[in-house]
A.B. asks: 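Sharing a structure here in structure tokens format.
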Amino acid sequence: KAEALADASPAQWAKLIFNASVNSVCALADLPHCPETAMEEKFSDLGHLVHALMDEGKAVAAALGIELHEDPWEMNKIGARTNHPPSMLYDVRHRQATEVDFLGGAIAREAARAGVAAPLHTALYRLIKGREASWARK
């Protein structure tokens, strides 16, 4: 269903946080968006990382005065049932430039601009940029 919003920023940020977190983790783990991205039972479960990335993104949005339209974690729990390969996973598998600059990179830059720490998004951004750089060396 389409919904008219007076301000699209809260919806855009919810989707940004969701995509930045899921795309980065899936691309680095070489997994589709699958149940593992929402599991938090065992210490090793990827859901812990995805959840922490989303919480970090929510803190950045809050520092910017943005109240999210949806909860990215709830979006993840629904999407994790799809076993759908995110676009960044496709790019990594085909050694193509990813959209990480516009996803996790955007969150990391906005965090720095707002004076808020975003170490997880920054780390995953740099790891993916390093992965992209590695393709020229092989």
Side-chain angles (χ1 to χ4, degrees):
K1 289 183 176 180
E3 179 182 349
L5 302 172
D7 178 8
S9 296
Q12 290 169 325
W13 266 87
K15 189 72 171 169
L16 171 65
I17 293 164
F18 165 79
N19 275 314
S21 304
V22 170
N23 267 273
S24 297
V25 169
C26 290
L28 291 169
D30 197 22
L31 285 171
H33 191 195
C34 58
E36 286 83 355
T37 64
M39 295 171 77
E40 296 183 288
E41 290 79 35
K42 297 182 297 191
F43 182 76
S44 61
D45 285 342
L46 277 177
H48 295 293
L49 176 58
V50 175
H51 207 159
L53 283 158
M54 291 180 176
D55 286 345
E56 187 178 273
K58 288 162 60 173
V60 174
L64 297 171
I66 298 167
E67 187 175 326
L68 299 179
H69 181 67
E70 294 178 74
D71 181 8
W73 180 249
E74 292 303 316
M75 296 164 69
N76 177 55
K77 290 193 303 187
I78 293 167
R81 296 183 225 147
T82 66
N83 288 297
H84 174 77
S87 55
M88 200 181 300
L89 175 58
Y90 177 90
D91 294 336
V92 167
R93 285 178 173 171
H94 293 89
R95 296 183 175 210
Q96 299 174 356
T98 70
E99 70 235 84
V100 71
D101 288 312
F102 306 103
L103 295 176
I107 292 175
R109 287 188 304 277
E110 286 299 310
R113 188 173 69 78
V116 180
L120 295 173
H121 280 283
T122 302
L124 267 59
Y125 168 74
R126 290 176 177 156
L127 284 168
I128 291 168
K129 293 305 280 185
R131 187 123 189 233
E132 290 177 358
S134 76
W135 302 328
R137 296 184 159 273
K138 293 182 180 177

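Only heavy atoms go into these numbers, but all of them, side chains included; no hydrogens, no water, no symmetry mates.
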A.B. asks: From L46 CG over to C34 SG, what is the distance, rounded to the nearest 0.5 angstrom?
C.D. replies: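 Atom-to-atom, L46:CG and C34:SG are 7.5 Å apart.
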A.B. asks: Would you say R109's side chain and D101's backbone share a donor-acceptor pair under 3.5 angstrom?
C.D. replies: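 Side chain of R109 to backbone of D101, a donor-acceptor pair under 3.5 Å: yes, one is there.
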A.B. asks: Which atom names give the shortest non-hydrogen contact between N76 and M54, and what distance separates them?
C.D. replies: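 Closest pair (atom of N76, atom of M54, distance): CB-CE, 3.5 Å.
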A.B. asks: With a 3.5 Å distance limit and no angle check, can you tell me whether N19 reaches the backbone of L103 through a side-chain donor-acceptor pair?
C.D. replies: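 Side chain of N19 to backbone of L103: no pair is present.
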A.B. asks: For residues I66 and S9, report the shortest heavy-atom separation together with the two atoms involved.
C.D. replies: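 Heavy atoms of I66 and S9 come nearest at CG2-O, 4.2 Å.
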A.B. asks: State the CD1-CG distance between I107 and L64, to the nearest 0.5 angstrom.
C.D. replies: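 Here the interatomic distance stands at 10.5 Å.
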A.B. asks: If you round to the nearest 0.5 Å, how far is NE2 of H33 from CG of L89?
C.D. replies: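 Going from the CG atom of L89 to the NE2 atom of H33 covers 12.0 Å.
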A.B. asks: Return the minimal non-hydrogen interatomic distance between E70 and A14, and the atom names on each side.
C.D. replies: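 Here E70 and A14 meet closest at O-CB, 3.5 Å.
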A.B. asks: To the closest 0.5 Å, what do you measure between CE (M88) and SG (C26)?
C.D. replies: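 Rounded to the nearest 0.5 Å, the CE-SG separation comes out at 9.5 Å.
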A.B. asks: Is there a donor-acceptor pair under 3.5 Å between the side chain of H51 and the backbone N or O of G47?
C.D. replies: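 A pair under 3.5 Å: no.
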A.B. asks: Mind checking the CG-CG spacing from L124 to L49? Nearest 0.5 Å is all I need.
C.D. replies: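 Rounded to the nearest 0.5 Å, the CG-CG separation comes out at 6.0 Å.
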A.B. asks: Judged by atom type as modelled, is there a donor-acceptor pair below 3.5 Å linking the side chain of T122 to the main-chain atoms of P119?
C.D. replies: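 It does not hold such a pair.
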A.B. asks: Mind checking the CZ-CD spacing from R95 to E132? Nearest 0.5 Å is all I need.
C.D. replies: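 CD of E132 is found 12.0 Å from CZ of R95.
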A.B. asks: Minimum heavy-atom separation for H48 and E41, please, with both atom names.
C.D. replies: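 Distance-wise, the nearest heavy atoms are NE2-N, 4.4 Å.
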A.B. asks: Could you see if M39 belongs to whatever hydrophobic cluster contains L31? Use Ile, Leu, Val, Met, Phe, Trp, Tyr and a side-chain cutoff under 4.5 Å.
C.D. replies: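 Different clusters.
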A.B. asks: Considering residues, nucleotides and ligands other than E67, do more than 12 of their heavy atoms fall under 6.0 Å from its CD?
C.D. replies: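 Counting neighbours around CD of E67, 12 or fewer heavy atoms of other residues, nucleotides or ligands fall under 6.0 Å, so no.
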A.B. asks: If you draw a 6.0 Å radius around CZ in R126, do more than 12 non-hydrogen atoms from other residues or ligands fall strictly inside?
C.D. replies: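 No, the 6.0 Å shell around CZ holds no more than 12 heavy atoms from other groups.
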A.B. asks: Tell me whether V92 shares a hydrophobic cluster with L53, the cluster being built from Ile, Leu, Val, Met, Phe, Trp, Tyr side chains joined at under 4.5 Å.
C.D. replies: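 Result: no, two separate clusters.
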A.B. asks: Any donor and acceptor pair, going by atom type alone, linking the side chain of E110 with main-chain N or O of V60 inside 3.5 Å?
C.D. replies: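 Side chain of E110 to backbone of V60: no pair is present.
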A.B. asks: Within the supplied structure, the quantity of interest is the number of heavy atoms (other residues, nucleotides, ligands) at a distance under 6.0 Å from K129 NZ; does it exceed 12?
C.D. replies: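 Yes, enclosed.
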